[in-house]
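What you see is a predicted model; the values in this text were computed from it and never measured. Residue numbers begin at 1 in each chain, while the letters A, B, ... track the order of the sequences.
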There are 6 protein chains.
Amino acid sequence: MKRAIYPGSFDPVTNGHLNVIQRASKLFDELYIGVLINSAKNPLFSIDERVSMLKEETKDLPNVKIISFKGLLVDYCKENDICTIVRGLRAVTDFEYELQIAQTNHVMAPEVETIFLTTSLEYAYLSSSIVKEIASYQGDISKTVPPYVAKCITEKYASKQRDYK
Amino acid sequence: MKRAIYPGSFDPVTNGHLNVIQRASKLFDELYIGVLINSAKNPLFSIDERVSMLKEETKDLPNVKIISFKGLLVDYCKENDICTIVRGLRAVTDFEYELQIAQTNHVMAPEVETIFLTTSLEYAYLSSSIVKEIASYQGDISKTVPPYVAKCITEKYASKQRDYK
Amino acid sequence: MKRAIYPGSFDPVTNGHLNVIQRASKLFDELYIGVLINSAKNPLFSIDERVSMLKEETKDLPNVKIISFKGLLVDYCKENDICTIVRGLRAVTDFEYELQIAQTNHVMAPEVETIFLTTSLEYAYLSSSIVKEIASYQGDISKTVPPYVAKCITEKYASKQRDYK
Amino acid sequence: MKRAIYPGSFDPVTNGHLNVIQRASKLFDELYIGVLINSAKNPLFSIDERVSMLKEETKDLPNVKIISFKGLLVDYCKENDICTIVRGLRAVTDFEYELQIAQTNHVMAPEVETIFLTTSLEYAYLSSSIVKEIASYQGDISKTVPPYVAKCITEKYASKQRDYK
Amino acid sequence: MKRAIYPGSFDPVTNGHLNVIQRASKLFDELYIGVLINSAKNPLFSIDERVSMLKEETKDLPNVKIISFKGLLVDYCKENDICTIVRGLRAVTDFEYELQIAQTNHVMAPEVETIFLTTSLEYAYLSSSIVKEIASYQGDISKTVPPYVAKCITEKYASKQRDYK
Amino acid sequence: MKRAIYPGSFDPVTNGHLNVIQRASKLFDELYIGVLINSAKNPLFSIDERVSMLKEETKDLPNVKIISFKGLLVDYCKENDICTIVRGLRAVTDFEYELQIAQTNHVMAPEVETIFLTTSLEYAYLSSSIVKEIASYQGDISKTVPPYVAKCITEKYASKQRDYK
């Protein structure tokens, strides 16, 4: 059985991520979506919230499994019989950075392959940061994330605003 | 009447910015220079100081107006009958980032166009950050900003030094 | 009156070109579409055919005028009171080449400005060459060019095939 | 059963291509290597010679099949139940071009996915053209192609030299 | 006598840096390795520790001298009769940034030349940050830094861990 | 004694090339300018004419020597005790191509180093092709090549024109 992983922060998952997930799920018997537990960054959503949004949005894809992980991705792959890392590519600056990560992972674990899918044109401009920036100014994010995620973001910023008062 | 906006942090305005402003002011009936009020960053100059330096340096361009704004740029454009966003391009990494912003703005407000001018060769290396870095080490910034701005920067760093004592 | 020119080979005009033309026509009082007469290349359509297809596809844009020209673009601009060159940008490799052309034109004629529009995402992959390559294999080009241009291309390849027999 | 295709000119196959073939063959049940029959270019080896070298160099990979094809790649994929196109990526300029091809193929056949593998670092500099250029000056190509292919190239240039006399 | 400088943070020195140092040391009579004293960043190693690791790893290169410096690099060059700045290049994003720095230095001190060496393929993926990230998860860094530096990194993270308890 | 080579087509030498030559001549004891004899291309000037223009324009640089060569550059380097190849860099697309050549040369001759100088900003847009294109339309090339080269180009195109009659 061929198992792959699509790792990321998913803070939160966007329509661009979901497009990659849907397409990658057809290429492998099992696709893990790996939410990276990274204490350093300052996330909007907790790991549990991010996992929960991903579960909601992928519930119709039976071979997709949402997990969170800590430490080196290649170590997680080796411990869980994952043969392939899936990454989405949007632009040249993405590509350079992704290439560096892929080469580093290859040196540490040559048996784990990295493949790249190009993001669909309509989502080429999207990132979690841009969605959050628009939402923080009450801009319209309905074309960038699914309705449930949009609702979570709106509630989160509303509760943040209450905290400041 | 065609009104455009050239948005930025302008912390502080450089010769490169002024080159774009002069050229863009010829393309439109009215050109707004929009200083972005962004609470997150750690600026050298206050919004008022940045607006004031821009006013000084553009006083000979009658169709240029300096404003500051908060929130989403496309919202400001819609509220102020601005049909075009002007951006300067220096390099490839600039271009990728600018393209992402332009596409996001286009999705949120298709009626607002974004146009790009390429920075003149002699200013292709310039950025506000580099000017500030050079100035912080007492380097010569006379080729990078106009004399009045250079004076403001020097005074600012001198007053900072006094504060540390 | 502000007059601009959008130069190119337009062999043939694509939906991507038309998207740039529609958007650029709103920025200027008059927009020339300049078909470059370049003896060196091996075109599919004659200059007259290319001009004729452009006229057909822009007939609803009253301030757009189709012309053909020979020699240096900046010379044509100076002789015809054209203050601005409009170019579409698709990708990084485009950008580098376009930058080189824009800087050369700027050195030869500093009074002529070059502005760039980014191609809409849905047409970001399009080029005349790709349309012709697909058509040469009887592929479906209906999403890449308007119906009239598609008909011209099909007829052209059919007549070419007859010539070979 | 998941069937993929790795298309190219393979004029001739290099160590870089073989590295991609070995890695891609592990990701799919069946991997076609598709030699593009392209009348326009001026190849060193005939289609038959290129297919024959590929067969020799992949004889130990049981799920790899060498074929040649004419026309649009996506049409070949649809006629042969191929769900995935595999491409190798070496550098930024590669990436831009590959992205354009992938997006065009996606518009023509959304059911066919394109995935990218990054070339191993040691082959990142390699291309068929560079191998041929070195060989044409009697340079050492032993690190760039397998021994059998090196022998074919040497014989080809020797026979070419005889033809000129 | 021709004296050059290879500046950087070297926090810590990697095999990629050492490859550049070895090759650059052959091009000049004397090569300074300049550790930048930059109060802003949050380094893993102190300036003294970085200088000490560099001294250890370059002890067999008699014309290499390790120094640390504060302020503008071009000022240091002028005060120490250094005619050339040496930089390593890994990727496109590197290149754009490096170009900006080189042009700025050229404007401030035209008599100081900047030359670039490309990083060897086997180290093209390497950076101090990536080494530290791998080490922070107890990953294998033996292919990325020399043994002595690896030992220093391991000890540093072990002592950090103790501090947290 | 350190001897370097700056190879190219120099068809014809431009101000950009001369800027690189002047700067590189200060870095080495002896600098060869190597005009590549390449039968495949369709040059404007003969090898002798190109060598002659280079000699004229570098006559004040005593350690510069103009030569022409055939075959692989690294073979020429090894036969002539040349330790370093000098290349000028203008843009990202340049960089990718140059990197490929440098890595290939490194694999074939690890003892020959390649260094890159960035072209001065004022010549960043320049190439021999662009100079020839402008000249072929009687455009002003006085800012792109030295007076003697400009005269040679003008005479060459005048004599070409006579041949066509």
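- One distance of note links CD of F:Gln103 with OG1 of E:Thr119; it measures 8.5 Å at 0.5 Å rounding.
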Would you list the atom pairs, donor with acceptor, under 3.5 Å between side chains in residues 123-131 of chain F and any protein atom, with sequence neighbours excluded?
from: F:Ser127; atom 1: OG; to: F:Ile130; atom 2: N; distance (Å): 3.2
from: F:Ser128; atom 1: OG; to: F:Pro12; atom 2: O; distance (Å): 2.8

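- Looking at heavy atoms from C-beta onward, E:Leu117 lies in side-chain contact with F:Glu113 at the 4.5 angstrom threshold.
- In this structure, CZ on E:Phe95 lies 10.5 Å from CG on F:Leu99, to the nearest 0.5 angstrom.
- Among F:Thr114, F:Val107, F:Leu27, the residue making the largest number of heavy-atom pairs under 4.5 Å with chain E is F:Leu27.
- For E:Tyr97, the OH atom is loosely surrounded, since the number of other residues' heavy atoms within 6.0 Å does not exceed 12.
- Listed by sequence position, E:Thr84, E:Leu89 are the residues of residues 63-89 of chain E in contact with chain F, using a 4.5 angstrom heavy-atom cutoff.
- E:Phe116 places a side-chain heavy atom less than 4.5 Å from the side chain of F:Thr118.
- Remark: F:Glu111 CD to E:Lys26 NZ distance equals 9.5 Å, nearest 0.5 Å.
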